[in-house]
Structure formats: C-alpha cells, structure tokens
Amino acid sequence: MSINRVNISGNLTRDPELRVTGSGTQILSFGVAVNDRRRNPQTGEWEDYPNFVDCVVFGARAEPLSRFLSKGTKVAVEGKLRYSSWESKDGSKRSKLEVVVDEVEFLSSRGQQGGYQQDAGGFQQAGGAQFQQAPSYSAPVAAAPAQFAQQGGFANPAPAPVQAPPSTDVYDEDIPF
C-alpha cells in the first residue's frame with residue numbers, strides 16, 4: 001500500500017495562470033513558497049530555506065479560485081503529487097513534481113494584498129460591492145459563471161450532475177476517539 005497525500009502552507013510566488021484546454025477543461029497553475037527551517041552548522045542559528053512548489057487545479061473550481069488568489073496570498077493546500085516528464089524543444093529531458101490540488105484554504109484575507117477587505121459578513125471589494133466567501137474552497141462547482149462566458153471566455157460545458165452524499169446518523173458515541 002502507498003499513500004500519496006501532500007499538505008503544504010505558504011505564500012503564492014506568482015499570480016495564478018488560468019488556461020482552458022481544447023476540450024473545455026479549466027486548468028489553474030500557481031506556485032507556493034514553503035520554508036524548511038534548519039540550523040546553520042557554522043553559526044548555530046536557525047535559518048529558513050525556501051522550497052518552491054508548483055500546484056495545479058483542474059475543472060470547474062479553477063476559474064473561481066483564480067479570482068481570489070494572487071501573488072503573496074497565504075494558503076494551505078491539500079492534494080497529491082504528480083510526476084511529469086517531457087522532452088524540450090532542444091532535445092533535453094525535463095521533469096518536475098507538482099501538487100494536483102484537492103483543497104485550498106485561504107489563510108490571509110485579500111485585504112492584505114490590496115484587493116479586498118474582510119468585514120463581519122464576508123468580503124468588501126475596493127469599489128464597495130460586497131459578497132460572501134467561505135474560508136475554504138473544496139466543494140465542486142457545477143458550471144462556470146455565465147458572465148465569464150459572455151465576456152469572451154470559454155463556452156459553458158454541460159454541468160456534471162452533483163450527487164448529494166448519503167445521509168448517515170453519526171452520534172458522538174459512534175466516534176472511536
């Protein structure tokens with residue numbers, strides 16, 4: 001048995017890049033910087049060594065996430081590692097590890113990057129428009145917003161049916177810890 005799960009938290013190293021495949025699949029790519037803390041053998045002081053992790057989100061969640069993420073945003077990401085290898089145009093072999101993201105949790109408000117300010121009921125845009133946003137974005141979205149498609153974006157694919165999880169009666173006594 002093997003387990004392929006990754007949990008990282010850090011800051012986005014660049015603005016996310018949203019693209020759409022020919023078949024309509026949305027792909028959001030971004031990088032997260034995470035620090036590795038080690039003691040310097042010469043000075044004995046603790047030092048941070050940055051690691052830069054490429055992350056990718058597929059499907060209907062990509063476009064909504066791209067609106068809330070920007071360079072410097074602090075996030076916690078959960079997903080799985082994927083290894084990719086290819087041959088570059090000059091003939092050299094290239095490879096990389098990236099995280100295929102299942103869940104993103106926002107650890108800082110957009111107000112810290114200058115776009116949105118969090119207040120009691122949700123987020124307030126600099127122009128005054130207010131909207132609600134949950135602190136975590138892991139639920140699948142059925143279809144892309146119609147406004148995006150009308151502004152020259154991609155055509156809305158047929159929404160996939162979303163099944164509700166079966167109801168279960170779980171009581172505190174049933175939990176083994």
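Residue numbers count from 1 along this sequence. Here the structure is a predicted model, which means the values were calculated and not measured.
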- Residue pair Val77 / Cys55: nearest heavy atoms and the distance that separates them: CG1-SG, 4.5 Å

- Item | Heavy-atom pair of closest approach, residues Lys71 and Asp15 | N-OD1, 2.8 Å

- Note on the structure: Ser88 and Arg94 have their tightest heavy-atom pair at CB-CG, 4.0 Å

- Message: Under a 4.0 Å threshold between the charged nitrogen and the carboxylate oxygen, would Arg14 count as salt-bridged to Asp54?
- Response: yes

- Message: Just so I know, are the side chains of Pro16 and Leu65 near enough to count as touching, which here means a heavy-atom distance under 4.5 Å?
- Response: no

- Task: Give a yes or no on whether the backbone of Ala62 and the side-chain of Gln26 come within a donor-acceptor separation of less than 3.5 Å.
- Result: no

- Note on the structure: Residues at least two apart in sequence or cross-chain that pass side-chain hydrogen bond (donor to acceptor under 3.5 Å, both in side chains) with Ser29, listed by chain then number, are Arg19

- Which pair of non-hydrogen atoms, one from Phe68 and one from Thr73, has the smallest distance, and what is that distance? O-OG1, 4.4 Å

- Item | Hphob cluster co-occupancy, Val56 + Leu28, side-chain heavy atoms under 4.5 angstrom | no

- Query: Would a 4.5 Å heavy-atom cut-off, applied to side chains only, mark Asp102 and Arg5 as touching?
  - Reply: yes

- Kindly indicate whether the side chain of Val99, heavy atoms from C-beta on, has any atom under 4.5 Å from the side chain of Leu81. yes

- May I ask you to decide if Glu98's main-chain N or O and Arg82's side chain share a donor-acceptor pair within less than 3.5 Å? no

- Message: Donor-acceptor pair, distance only, cut-off 3.5 Å: does the side chain of Asp90 make one with the backbone of Ser92?
- Response: yes

- Query: What are the two closest heavy atoms between Leu18 and Ser66, and how far apart are they?
  - Reply: CD2-OG, 3.9 Å

- Query: Do Phe106 and Leu69 touch side chain to side chain, with heavy atoms closer than 4.5 Å?
  - Reply: yes

- Task: Please name the pair of heavy atoms, one in Glu47 and one in Thr43, separated by the smallest distance, quoted to 0.1 Å.
- Result: OE2-OG1, 4.4 Å

